[in-house]
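The structure under discussion is supplied below as structure tokens; questions concerning it will follow.
Just so you know, ligand 1 is whichever comes first in the structure, and atom 1 is the first atom listed for that ligand.
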Amino acid sequence: MLRWSSHSAQVIIALVILVLGGTAEARELAAALAGEVRVVTSLAGRVANPRLPEGEVRVGGFGGPDALARWLTDHDVRAVVDATHPFAERIGTSAVTAAKKAGVPLLRLQRPGWQPQDGDDWRWVDTLDEAAGLVGTLGERAFLTSGRQGLAAFAGCTGTWFLARCVDPPEPPLPPKIEILLDRGPYPLAKEKALLSDYRIDVLVTKDSGGSMTAAKLVAARERGIPVVVVRRPPRPAAPAVADVTAALDWVRRTAAS
Ligand code: NAP
């Protein structure tokens with residue numbers, strides 16, 4: 001067992017920690033670990049101009065769980081932190097399978113989901129398709145924050161006007177009546193309130209992403225008294241998990257030193 005000292009820090013710095021990223025938490029963790037271990041953050045490559053984390057970065061899919069397991073072995077990875085978005089179902093599943101196969105410890109860093117408060121009118125659904133079936137019964141002008149890849153599910157919603165916010169321009173299919181707002185969080189409350197008012201939004205659609213960066217829209221919806229369609233998180237395989245960066249950092253340090 002290694003203890004913390006300048007000598008052990010030098011030993012530990014050679015250890016490779018893979019952070020599966022694409023979230024603010026992944027960037028925070030990489031920044032905190034930089035200088036302590038060799039941290040490699042992996043990004044899917046979906047966003048054209050991503051916010052890059054500190055440390056090393058690799059971009060693109062691994063080619064499935066077996067290929068990821070090989071990558072872990074080939075790069076002598078000491079531990080994996082799956083800090084991907086709670087809706088990134090495939091990589092979350094792949095990481096658990098690959099880590100088991102390669103015999104590498106894995107931790108999931110996943111922010112808690114949002115909880116409704118007094119005054120909220122939330123309608124929970126399991127999928128974006130279900131959200132698409134419901135939205136037209138709740139309002140006529142919807143603010144859609146499901147992300148670029150989620151818009152196709154609403155392509156058949158011909159009776160609803162949508163304001164869709166995404167980081168990069170979306171590809172068809174899209175709903176026929178739609179305005180695209182290209183923007184990147186965090187989104188402050190004053191801006192969200194103005195947006196709901198300016199566009200006369202009467203229903204909000206969101207995934208249960210959790211976290212503070214995109215939560216102000218929920219407060220704005222509550223204050224405006226409009227319903228919110230909330231898509232539940234998809235299931236991911238069981239894995240040791242923590243809810244914040246401090247706990248993940250602690251786990252990495254303990255795992256690296258064991
Ligand atoms: P996904 O459906 O779970 O992943 C699809 C495939 O993309 C995976 O099978 C994997 O390819 C590759 N991939 C995903 N994340 C990767 C990563 N961090 N590093 C390397 N390869 C990765 O994921 P998604 O929902 O498309 O999300 C893609 C990325 O965007 C994730 O990293 C996630 O953290 C981030 N993100 C997603 C959302 C969301 O709402 N889904 C929101 C914000 C950020 P292989 O099978 O070839 O390895």
Practice task
Look at ligand 1 and say whether G147 reaches it with a heavy atom at a distance under 4.0 Å.
Solution key: no
Exercise for the section: Spell out, as yes or no, whether a donor-acceptor pair under 3.5 Å connects the side chain of R236 to the backbone of A88. Expected result: yes
Problem - ligand 1 N/O within reach of G21 N/O, cut-off under 3.5 Å - result: yes
Fill in the blank from the handout: For T84, the atoms of ligand 1 under 4.0 Å from one of its heavy atoms are 18 (N), 32 (O), 34 (O)
Practice task
Answer yes when D66 and R70 have at least one side-chain N-carboxylate O distance shorter than 4.0 Å, and no when they do not.
Solution key: no
Problem - Under-4.0 Å heavy-atom contact with ligand 1, by part of R46 that carries it - result: side chain
Exercise for the section: Taking R233 for its side chain and S209 for its backbone only, find out whether a donor-acceptor pair lies under 3.5 Å. Expected result: yes
Practice task
Give a yes or no on whether the backbone of G211 and the side-chain of W114 come within a donor-acceptor separation of less than 3.5 Å.
Solution key: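 At least one qualifying donor-acceptor pair exists.
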Exercise for the section: Output yes when a side-chain donor or acceptor of T137 lies under 3.5 Å from a complementary backbone atom of G133, and no otherwise. Expected result: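 The answer is no, because no donor-acceptor pair under 3.5 Å joins these two groups.
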Exercise for the section: Starting from atom 2 (O) of ligand 1, locate the nearest protein heavy atom and write down its residue, its atom name and how far away it is, to 0.1 Å. Expected result: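 For this ligand atom, the closest protein heavy atom is R90 CB, 4.0 Å.
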Handout entry: Check: R58 side chain, G60 main-chain N or O, donor-acceptor pair, under 3.5 Å
Key = yes
Handout entry: Nearest-neighbour protein heavy atom for atom 16 (C) of ligand 1, which is reported as residue plus atom name and distance
Key =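 That would be A44 CB, 3.5 Å.
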Handout entry: Backbone of I201 reached by a side-chain donor or acceptor of R224 within 3.5 Å
Key = yes
Practice task
Take the angle between the ring planes of W71 and H75 and call it parallel below 30°, perpendicular above 60°, tilted in between.
Solution key: parallel
Problem - Distance filter under 4.0 Å to G64 heavy atoms, resulting ligand 1 atoms - result: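 So the atoms of ligand 1 that pass are 45 (P), 46 (O), 47 (O), 48 (O).
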Completion exercise
Numbered in order shown, the ligand 1 atoms found under 4.0 Å of a heavy atom of E89 are 3 (O)
Practice task
Just jot down the ligand 1 atoms closer than 4.0 angstrom to any heavy atom of F87, in number order.
Solution key: 25 (O), 40 (O), 41 (N)
Handout entry: Identity and distance of the protein heavy atom lying nearest atom 12 (C) of ligand 1
Key =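 The closest heavy atom on the protein side is G61 CA, 4.0 Å.
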Exercise for the section: For G63 and ligand 1, answer yes if some heavy atom of the residue is under 4.0 Å from a ligand atom, otherwise no. Expected result: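 The answer is yes, since G63 has a heavy atom less than 4.0 Å from ligand 1.
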Practice task
Check whether any side-chain heavy atom of V80 lies under 4.5 Å from a side-chain heavy atom of L72, and answer yes or no.
Solution key: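 Result yes, sub-4.5 Å side-chain heavy-atom pair found.
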Practice task
Indicate if W251 and V19 have the same hydrophobic cluster label, given that clusters are the connected sets of ILVMFWY residues with side-chain heavy-atom separations under 4.5 angstrom.
Solution key: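 Yes.
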Problem - Atoms in ligand 1 flagged as close to K207, the criterion being non-hydrogen separation under 4.0 Å - result: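 Contacts of ligand 1 toward K207, numbered from 1: 39 (C), 40 (O), 41 (N).
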Problem - Protein contact to atom 37 (C) of ligand 1 [nearest heavy atom, distance to 0.1 Å] - result: H85 CB, 3.4 Å
Exercise for the section: Mark the output for L43 as yes if a heavy-atom distance to ligand 1 is under 4.0 Å, and as no if none is. Expected result: yes
Handout entry: Minimum-distance protein heavy atom relative to atom 18 (N) of ligand 1
Key = S42 O, 3.0 Å
Exercise for the section: Look only at interatomic distance and state if T23 has a nitrogen or oxygen under 3.5 Å from any nitrogen or oxygen of ligand 1. Expected result: no
Practice task
Starting from atom 10 (C) of ligand 1, locate the nearest protein heavy atom and write down its residue, its atom name and how far away it is, to 0.1 Å.
Solution key: I91 CD1, 3.9 Å
Exercise for the section: Taking only heavy atoms of R58 into account, list the atoms of ligand 1 that are under 4.0 Å away from them. Expected result: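 Within the 4.0 Å cut-off of R58, ligand 1 contributes 20 (C).
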Practice task
Please answer whether the main-chain N or O of V37 pairs with a side-chain N or O of R78 as donor and acceptor at a distance below 3.5 Å.
Solution key: no
Exercise for the section: Would you check if the distance from the ring center of F162 to the ring center of F154 is below 6.0 Å? Expected result: yes
Problem - Nearest protein heavy atom under 4.0 Å from atom 32 (O) of ligand 1, yes or no - result: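 So atom 32 (O) of ligand 1 has protein heavy-atom neighbours under 4.0 Å.
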Handout entry: For atom 44 (C) of ligand 1, the protein heavy atom that lies nearest, with its residue and separation
Key =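 Protein heavy atom at minimum distance: G22 O, 3.3 Å.
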Problem - 4.0 Å heavy-atom contact, G150 with ligand 1 - result: no
Problem - Salt bridge R165-E192, side-chain N to carboxylate O under 4.0 Å - result: yes
Practice task
Please determine if R141 and D202 form a salt bridge, counting it only when a charged side-chain N lies under 4.0 Å from a carboxylate O.
Solution key: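 The answer is no: the pair does not qualify as a salt bridge.
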Handout entry: Shortest protein contact, atom 27 (O) of ligand 1 (heavy atom only)
Key =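 It is A88 CB, 4.0 Å.
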Exercise for the section: Ignoring angles and geometry beyond distance, decide whether G92 reaches within less than 3.5 Å of ligand 1 through its nitrogen or oxygen atoms. Expected result: no
